[in-house]
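Scope of the values below: all heavy atoms of this structure, side chains included, with no hydrogens, waters or symmetry mates. Just so it is clear: chains get the letters A, B, ... in the order the sequence lines come, proteins before strands, and each one is counted from 1.
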Amino acid sequence: MEYNFSDIEKKWQQHWKKVGTYQVDNESTQPKCYVLDMFPYPSGAGLHVGHPLGYIASDIYSRYKRLKGFNVLHPMGFDSFGLPAEQYALDTGQHPAETTRKNIATFKKQLDNIGFCYDWSREVQTSNPHYYKWTQWIFLQLFNSYFCNTEQKALPISRLIEKYATKGALPKKGEPIPGRHFTADEWNHFTEEKQQEILMRRRLAYSKYGEVNWCEALGTVLANDEVVNGVSERGGHPVVKKKMRQWYLRITAYANRLLEGLDKVDFSDSMKEMQKNWIGKSTGAEISFNIKGQPKNQSGLTVFTTRPDTIFGVDFMVVAPEHACIEKITTPAQKPEIEKYLQYVKSRSDRERQSEVKQITGCFTGAYALHPFNGKEIPIWTAEYVLAGYGTGAIMAVPCGDERDFAFATHFQIPITNIIGHHFTGKEANPTKEAILENSDFMNGMKMSEAIDFAIQKLEESGIGRRKINYKMHDAGFSRQRYWGEPFPIKWVNGMPVALDEKELPLELPHVATYKPGPEGQGPLANIKEWTDMNLETNTMPGYAGSSWYFLRFMDPHNEKTFCDRKVSDYWNQVDLYIGGTEHAVGHLLYSRMWTKVLYDLGYIGFDEPFKKLVNQGMIQGSSRFVYRKNGENKFISKAFIEKHQIQQLHVDVNLVDGVELNIEAFKKSKPEYANAEFLLEDGKYICGSEVEKMSKSKFNTVNPDDLVVQYGADTFRMYEMFLGPVEMSKPWDTKGIEGVHRFLKKFWRLFADETQGLIVTDEEPTAAEMKILHYTIKKIEQDTERFSFNTAVSTFMIATNELTDVQCHKRKILLPLLILLAPYAPHIAAELYQSVQQAASMEEADVVNAAFPKFEEKYIKESSKNYPVAVNGKMRTTINIALDADQKQVEEIVLQNDIVQKWLDGQSPKKIIYVKNKMINLVI
RNA sequence: GCCCCGGUGGUGGAAUUGGUAGACACGCAGGACUUAAAAUCCUGUGACCCGCAACGGUCGUAACGGUUCAACUCCGUUCCGGGGCACCA
């Protein structure tokens, strides 16, 4: 009886599929557990070994929870809208729906090979009209809602309209800076356009003009990804920023709740930190500066600062190059220079503007602001280091306290005012809050940290400014000038967006003849006459639309009446465990948290955080291999000799290399041009170079799980992926080690079966030593699985197998529970052996998937003594076996009698003997 | 540039709360079985020093410094690698 993994795996996968073992009910008396993976984008390249890392982890956890008696929801689907499919369509003319269908089929087949316990009857695909009907429906909820600042939640926009019609929108008492206010009477006499425009300022999904990367030569808008150093990745054409009408989600309204919600979820500290930084809450003041020569209180310049205490240290102002005021304030003399500068900035990405800090650029507008307290004239500059999207897009620069302001002042020789005395050396800025203020009028002599509040008070009293909380986060751009995304359920009437009726959903994506961009950088939908004739919105939604709520659809995937029945979402509730990569730290996770909060506010679901616990899997990097071709010849030089030749380094497919040794025959066959290649070998071998890089097809370092499953089986593959290291950590892939795990499974098999005798399991009573091995393993596997330490769990299985082999244990009472422990990790081999060992009545009973997790009993592993490490001055010198219940005095006696301890004491008596029960003993001399 | 994570033998990693650094594997070396190979099994394997021996010594967790009876673990500084930075997913 041999371990024939391919037969076994096929048999059980078919059985589980036939019986519907993994289908989950929405009703159960058992406690629920919802385990979810971040669903993949089905790329044309198929699955590589990096993808399944998180899936295997969640699969193990799901199976474990099932053994523990939970009703486990563990679904899978596809995030199937996206740019690559559209690019592929542009290149080949194939419809994205078609390529997507093919890619999904490949992915599913690859996933099924690995033996996951997904309930495929719940599969969702975001590009399926049955699914995106509800994405569009949720969009309409967003469009038809506003964020009520009093209640701090989303409410139907009808409530706001009613309020405007009866009470108007009047300034709050003491509001110093006038906003856009009107009475109820005024509202009722506004034109509809005007009313809609006002409502647009409050809708959670709204439309306004925003900037995009525009490439004139390609006639299209590009993703940041597609822009490299200011030119398009394809073709290298110039890219500039262009204003276009766009849709946005008012995620900023939820900034504070997104921040506070982090206290309620179990994400890693670093993940919370990243989200906090993204939201970027800061408290400070908004201050208005009048401009010299302009009427007061009209076209002033408003800045946001976290340090109003430094207001007397302002030496210049900087406005973002996009700031609307530049046009108004620039003096005729400076105009040519400013225009030249703005042209330059247009070609620069935000990233470049922030990162290239050593290169200081800017331009004087010729205008001056007036200091609000003393009327001093302050020059107004524009510079790329101030971003339009942050704060008010304008800053007051205090060079003695801010590094970038200091560098700017130095570069342009702007005189610096020192308000912090000796804390400022003149050589670098000092951002301290501890200094005592000087040259600061009414704040002279105050400590800066205390002056902040005082300054705000003064600003508010004199109507110059007000306390302000600012968020770095800005509203999320929600439209793309693309084809392969959800169409907006919106049509334009008299320049106003009007929501389609729910009954008209889904608004299906029409077929197009070409995927080329529409006129003026609009999306391909603008090329379709029937579409534009109906005045339908030609933008589509971005990739994150469908993924912002898919975890809800999995609960109730076939519901035609609603996106997810409230009763069902009340049962499944939050996702208990969510596994995915950190690359989604801020995007997807914040959007789905926001959508959940909106749906909660509107009463559609009963929880406002989607993911209770989040585990981030690390990236599996590729380990690339290189061959070295002699320049101008079809000759390859082994690594040892490359210094001596003029060579070209080429990526070689890692699948043609064993470790670093090239399989020359396979290499020759891989490409016709290599068929007659010559080789300069070392010790008869061709040795390749290697480097760790991102795993990608273009680097020829991808490893396909299918190949490994064929060679070693799914169980070996699953356990090896886990054995590589902690799930959260990134690590390079190395196929070499997989043999070890495979050997382990074969060894494990031999505990049960012999090649000649077949099954060798006996009914003998286990010894105390064997029970100890079993119960230690139960404890460790349970602990490690609960804390997602799957790599140490695998080594625990190895240790148990090694120990049981050593004592030649083939006893049913030990092996049967061990199989249940192993089942989540290696389900096929466990199922096969369980069926053989267990003399069960029915197939259902004989299936280890339905077994109960063994119960750990302390009594079997209890020890009465411990081998204590004994250290002298912190250095371990020997170990002594001492009873666990020994007290300090007894321990001291035993230790001092020990020969080795005596040797190290060298006649002296120890100053102190530290004895930590169950840990160690340390003698201090 | 900013934010987050990581750095331990030839390699992947272990050390769960500050308490025996290197578990478990890979690789390598040697051996057993075999006509041979595969498979399997056994032994050794951080570096260095002393030695007939070892239950002998010194060093060692990116580098430097600190806290502590005790530091891979805590604090500070530096270096290196990875991820994110708002239209890749």
The side chain of A:K731 lies closest to which of these nucleotides: B:G19, B:G12, B:G57? B:G12
Which base sits across from B:U35 as a Watson-Crick or G-U pair, both distances under 3.5 Å? none
The Watson-Crick or G-U wobble partner of B:A86, with both key distances under 3.5 Å, is none
Under 4.0 Å between any heavy atoms, over every strand shown, what does A:G82 touch: base, sugar-phosphate, or nothing? Just pick one. sugar-phosphate
Testing B:G83, B:A14, B:A86 for proximity to the side chain of A:H474, the answer is B:A86
Can you tell me the distance, in whole Å, between the OH atom of A:Y776 and the C1' atom of B:C24? 11 Å
Nucleotide B:A89, atom P - distance to CZ of A:R482 in whole Å: 9 Å
Send over the distance from A:W484 CH2 to B:C88 P, rounded to a whole Å. 19 Å
If each of A:I914 and A:K866 is mapped to the nucleotide of RNA chain B with the nearest heavy atom, which maps nearer the 5' terminus, i.e. the 5' end? A:K866
Side chain of A:N224 (C-beta onward), nearest among B:A15, B:A86, B:U20: B:A86
Considering just the side-chain nitrogens and oxygens of A:K746, establish if one lies under 4.0 Å of OP1 or OP2 belonging to B:U40. yes
Quick note, A:M274 side chain, CB onward, closest among B:G13, B:A89, B:G83 is B:G83
Are there more than 12 heavy atoms of other residues, nucleotides or ligands under 6.0 Å from atom CG of A:D899? no
Where the side chain of A:N213 is defined as all heavy atoms beyond and including C-beta, which of B:C4, B:U16, B:C87 is the nearest nucleotide? B:C87
Presence of A:R787 side-chain N/O under 4.0 Å of B:U16 phosphate oxygens OP1/OP2: no
Any side-chain donor near an acceptor of the partner, A:W247 and A:E537, under 3.5 Å: yes
Who does B:U16 pair with, Watson-Crick or G-U, both distances under 3.5 Å? none
May I ask you to check whether A:F5 and A:H742 place their ring centres under 6.0 Å from each other? yes
For atom OH of A:Y776, is the number of surrounding heavy atoms from other residues, nucleotides or ligands below 6.0 Å larger than 12? no
Rounded C1' spacing from B:C74 to B:G19 in Å: 14 Å
Can you tell me how far P of B:A39 sits from CG of A:N4, to the nearest Å? 17 Å
Before accepting this row, confirm whether a basic side-chain N of the pair A:E226/A:R482 lies closer than 4.0 Å to the acidic partner's carboxylate O. yes
Select one nucleotide: of B:G82, B:C88, B:A70, the one nearest the side-chain heavy atoms of A:P84. B:C88
Is A:R404 near enough to B:C2 that one of its side-chain N or O atoms lies under 4.0 angstrom from OP1 or OP2? no
At 4.0 Å (heavy atoms only), tell me whether A:M473 reaches a base, stays on the sugar-phosphate, or touches nothing. base
Among B:A89, B:G56, B:C24, the one nearest A:S795 by side-chain distance: B:C24
Just to be sure I understand the rule, does A:K780 reach a base, reach only the sugar-phosphate, or reach nothing, if contact means heavy atoms closer than 4.0 Å? base
Taking any heavy-atom pair under 4.0 Å as a contact, classify A:E728: base, sugar-phosphate, or nothing. nothing
RNA chain B: 5'-proximal contact among A:D784 and A:Q481 (nearest heavy atom): A:D784
Quick one: A:N873 CG to B:A71 C1', roughly how many Å, whole number? 16 Å
Hey, does A:W214 reach any base, or is it just sugar-phosphate, or nothing, if we go heavy atoms under 4.0 Å? nothing
Contact class for A:P732 vs. all strands (heavy atom < 4.0 Å): base, sugar-phosphate, or nothing? nothing
Please report, rounded to the nearest Å, how far the P atom of B:U40 is from the CG atom of A:L745. 12 Å
When you compare the protein's N or O atoms with those of nucleotides 25-27 of chain B, which come within less than 3.5 Å of each other, and at what distance?
from	atom 1	to	atom 2	distance (Å)
B:A25	OP1	A:N802	ND2	2.6
B:C26	OP1	A:R743	NH1	2.6

Mind checking who B:A21 pairs with, Watson-Crick or G-U wobble, both distances under 3.5 Å? none
Name the closest nucleotide to the A:N922 side chain, picking from B:C69, B:G13, B:C4. B:C69
A:E486 side chain to A:F81 backbone, donor-acceptor under 3.5 Å: no
Checking all strands, does A:V794 fall into the base, sugar-phosphate, or nothing category for heavy-atom contacts under 4.0 angstrom? nothing
Closest of B:C88, B:C4, B:A14 to the A:N277 side chain is B:C4
A:E2 near the nucleic acid: base, sugar-phosphate alone, or nothing, with a heavy-atom cut-off under 4.0 Å? nothing
With sugar-phosphate meaning primed atoms plus P, OP1 and OP2, does A:K911 contact a base, only sugar-phosphate, or nothing at under 4.0 Å between heavy atoms? nothing
Within a reach of under 6.0 Å around CG of A:D269, are more than 12 heavy atoms found that belong to other residues, nucleotides or ligands? no
B:G9 glycosidic conformation (syn if within 90° of 0, otherwise anti) is syn
Is it true that A:F78 and A:F39 have ring centroids separated by less than 6.0 Å? no
If you look only at distance, which donor and acceptor atoms sit under 3.5 Å apart when one is on a side chain in residues 791-801 of chain A and the other is two or more places apart or in another chain?
from	atom 1	to	atom 2	distance (Å)
A:T792	OG1	A:D784	OD2	2.9
A:T792	OG1	A:S789	O	3.0
A:T792	OG1	A:S789	OG	2.5
A:S795	OG	A:T792	O	3.0
A:T796	OG1	A:T792	O	2.8
A:T801	OG1	A:F797	O	2.7

Reckon A:T796 touches a base, only the sugar-phosphate, or nothing at all at heavy-atom distances under 4.0 Å? nothing
From CD1 of A:I620 across to P of B:U11 the rounded distance in Å is 19 Å
Between P of B:C2 and CH2 of A:W278, the distance in whole Å: 18 Å
Complementary nucleotide of B:A47, counting Watson-Crick and G-U pairs under 3.5 Å: B:U58
With a 4.0 Å cut-off on heavy atoms, is A:K276 in touch with a base, just the backbone sugar-phosphate, or nothing at all? nothing
Give a yes or no on whether the ring-centroid distance for A:Y544 and A:F478 is below 6.0 angstrom. yes
Suppose we define a pair by two distances each less than 3.5 Å, Watson-Crick or G-U wobble; what does B:G6 pair with here? B:C80
Around atom OH of A:Y3, are there more than 12 heavy atoms of other residues, nucleotides or ligands at under 6.0 Å? yes
Sugar-phosphate, base or nothing in reach of A:E583, heavy atoms under 4.0 Å: base
